[in-house]
Each structure stands twice: as C-alpha cells, then as structure tokens.
Amino acid sequence: MAISFNFIETKDVVSQKNKVKSWIKSVAEKRGFKVGEISYIFCCDDYLLDINKTYLKHDFYTDIITFDYTDAKKISGDLYISIDRVRDNAQELNLGFEQELHRVIIHGVLHLLGLKDKTEEEAKEMRKAEEECLKSLM
C-alpha cells in the first residue's frame with residue numbers, strides 16, 4: 001500500500017497524514033478492497049483546469065479529478081485536488097477547510113471504489129457515502 005500526498009503550485013495542506021492514510025485504507029477494506037498506489041496531487045485551480053481541458057475536454061473548474069487505475073479489488077489512481085476549489089467550497093458551505101478537504105479526499109476514493117455521481121441519484125448516494133466515511137474519521 002502506498003498513499004502519497006504531492007503538492008504542485010501550492011503548500012502542504014494535509015495534516016495528520018498517517019491518520020488520513022489509515023482512514024482511506026479502512027474505508028477501502030470495509031467495502032472489500034485493498035489499497036494499491038494512490039497518489040494525491042494538490043494544486044491550484046488553473047493547473048486542474050488545464051488537466052480538465054486536456055484529458056476530459058471540460059472547460060470548467062472542479063474540486064477533484066480522479067484517474068482510476070483500479071485492478072480487480074485493489075484500488076489505485078491519481079487524484080488531483082484543487083485547493084482553491086476546496087477553500088471556496090468550504091466558505092460557500094460554511095464548513096471548515098479541513099472538513100471539506102477530507103470530503104474531497106474521500107470522494108476520490110469512493111470513485112475508485114466504483115461510486116459515480118453523474119446522475120442526481122448517484123450524487124445522492126455519493127453524498128451519503130461521504131458522510132458515512134467522514135464520521136469514521138472523527
């Protein structure tokens with residue numbers, strides 16, 4: 001298992017890294033998966049917008065893009081997170097930055113575990129799963 005936290009054009013914003021890694025592992029294990037290689041890349045809005053345009057052909061800001069390399073029951077992927085979006089979302093939702101950051105971190109893991117959020121029903125299920133996971137971090 002290797003979970004890494006990388007920072008491009010932004011400062012380190014992840015506190016208690018070992019606790020977060022254990023949390024991610026426990027979320028995966030509860031759903032019958034093992035953790036392979038997961039790389040979090042924290043960046044700014046413009047960096048993630050460029051990735052969104054280049055690889056997904058989307059011309060809008062987003063908080064996370066997940067590149068899924070999961071093989072069978074071993075989750076792996078590159079998860080790009082915009083710190084700017086996380087900060088703005090936290091402010092808009094009247095949440096603490098760290099709480100919103102944890103939600104986005106686990107959102108990417110849930111994608112690796114097979115959850116989707118394209119439809120209204122999928123998004124509702126994703127939010128429910130995020131809330132359950134956040135409770136287990138406390």
Side-chain angles (χ1 to χ4, degrees):
M1 171 191 88
I3 299 171
S4 64
F5 300 106
N6 309 282
F7 303 89
I8 299 174
E9 299 178 7
T10 190
K11 64 180 181 155
D12 184 341
V13 294
V14 181
S15 62
Q16 300 181 348
K17 288 178 181 62
N18 288 334
K19 180 179 179 181
V20 172
K21 288 177 184 182
S22 293
W23 174 53
I24 291 167
K25 182 180 176 195
S26 72
V27 166
E29 288 175 351
K30 284 179 188 170
R31 292 179 178 257
F33 287 79
K34 292 195 178 297
V35 172
E37 300 287 325
I38 299 177
S39 179
Y40 284 93
I41 302 96
F42 298 91
C43 55
C44 65
D45 265 350
D46 290 335
Y47 190 90
L48 195 54
L49 178 61
D50 188 48
I51 290 171
N52 212 6
K53 287 178 181 177
T54 303
Y55 295 99
L56 303 177
K57 307 301 182 219
H58 297 158
D59 189 8
F60 54 82
Y61 292 112
T62 186
D63 52 3
I64 185 169
I65 294 176
T66 303
F67 292 99
D68 188 352
Y69 312 127
T70 297
D71 183 25
K73 290 290 191 173
K74 185 180 277 189
I75 62 169
S76 297
D78 292 329
L79 292 81
Y80 289 82
I81 295 176
S82 167
I83 295 305
D84 298 326
R85 283 302 93 222
V86 170
R87 189 171 287 114
D88 288 352
N89 290 346
Q91 194 169 25
E92 192 174 300
L93 298 168
N94 201 27
L95 298 171
F97 172 80
E98 189 170 61
Q99 182 180 359
E100 179 62 8
L101 180 63
H102 289 152
R103 186 194 65 76
V104 175
I105 285 172
I106 211 63
H107 181 92
V109 171
L110 292 169
H111 275 306
L112 298 178
L113 292 169
L115 274 76
K116 308 279 184 233
D117 60 359
K118 294 293 184 203
T119 69
E120 191 174 315
E121 188 61 34
E122 289 173 342
K124 187 177 174 182
E125 190 63 32
M126 176 67 83
R127 292 291 168 258
K128 182 180 172 189
E130 289 169 1
E131 290 303 318
E132 288 173 10
C133 291
L134 286 168
K135 287 177 188 172
S136 71
L137 178 62
M138 307 288 170

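Numbering starts at 1 and runs along the sequence shown. Just so you know, these numbers come straight off a predicted model, no measurement behind them.
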If Ile, Leu, Val, Met, Phe, Trp and Tyr residues are connected whenever their side-chain heavy atoms lie under 4.5 Å apart, and connections chain through other members, are I105 and F97 in the same group?
yes

Nearest 0.5 Å please: distance from the CG atom of L56 over to the CZ atom of F67.
5.0 Å

Rounded to the nearest 0.5 Å, how far apart are CG of D45 and CG of D84?
4.0 Å

Salt-bridge criterion met for K128 and E131 (N-O under 4.0 Å)
no

Check the angle between the aromatic planes of H107 and H111 and answer parallel, tilted or perpendicular using the 30° and 60° thresholds.
perpendicular

With side chains defined as the heavy atoms from C-beta onward, is the minimum distance between Q16 and L137 less than 4.5 Å?
no

Looking at Y40 and I81, would you say the former's side chain and the latter's main chain have a donor-acceptor pair under 3.5 Å?
no

Side-chain heavy-atom pair V104, N89 within 4.5 angstrom cut-off:
no

S136 side chain to C133 backbone, donor-acceptor under 3.5 Å
yes

Is D71 atom CG crowded by more than 12 heavy atoms from other residues, nucleotides or ligands, each under 6.0 Å away?
no

At what distance, to the nearest 0.5 angstrom, does OH of Y47 lie from OG1 of T10?
12.5 Å

Taking all heavy atoms of L110 and all of A129, pick out the closest pair and write down the distance.
CD1-CB, 3.8 Å

If you round to the nearest 0.5 Å, how far is OG of S4 from NZ of K17?
11.0 Å

Can you hop from Y80 to L49 via hydrophobic side chains spaced under 4.5 Å?
no

Name the residue from L48, N6, V14, L79 that meets the side-chain contact (heavy atoms from CB on, under 4.5 Å) definition with F42.
V14

Within the distance-only criterion (no hydrogens, no angle test), does the side chain of D63 pair as donor or acceptor with the backbone N or O of R85 below 3.5 angstrom?
no

Any chain of hydrophobic side-chain contacts (each under 4.5 Å) joining I65 to I8?
yes

If you define the side chain from C-beta out and look only at heavy atoms, does anything of Y69 sit under 4.5 Å from I38?
no

Is there a side-chain contact between R31 and L115, using heavy atoms and a 4.5 Å cut-off?
yes

Would you say I83 and F7 make side-chain contact, with heavy atoms under 4.5 Å?
no

Step by step, work out the salt bridge (charged side-chain N to carboxylate O under 4.0 Å, His left out) result for K53 and D50.
CA-CA 5 Å; K53 287 178 181 177; D50 188 48; over 6 Å; no

Please determine if R127 and E130 form a salt bridge, counting it only when a charged side-chain N lies under 4.0 Å from a carboxylate O.
yes

Assess whether atom CD of E122 is packed by more than 12 heavy atoms of other residues, nucleotides or ligands within 6.0 Å.
yes

Is it true that atom OH of Y55 has more than 12 heavy atoms of other residues, nucleotides or ligands lying nearer than 6.0 Å?
no

Same cluster or not: F5 versus I51, using hydrophobic residues (I, L, V, M, F, W, Y) connected whenever any side-chain heavy atoms lie under 4.5 Å apart?
no

Any side-chain heavy atom of R103 within less than 4.5 Å of one from V86?
no

For the student: nearest non-hydrogen atoms of A28 and I75, plus distance
CB-CD1, 3.9 Å

Find the distance between CD1 (I41) and CD1 (I64) and round it off to the nearest 0.5 Å.
9.5 Å

D117 (side chain) donor-acceptor with M126 (main chain) under 3.5 angstrom
no

So which heavy atom on G36 is nearest to which on S76, and how close?
CA-OG, 3.6 Å

Rounded to the nearest 0.5 Å, what separates atom OG in S15 from atom NE2 in H102?
5.5 Å

Shortest non-hydrogen contact from K73 toward G32:
CD-O, 3.5 Å

Using side-chain contact (heavy atoms from CB on, under 4.5 Å) as the criterion, point out the one residue from V35, I24, T66 that pairs with V109.
I24

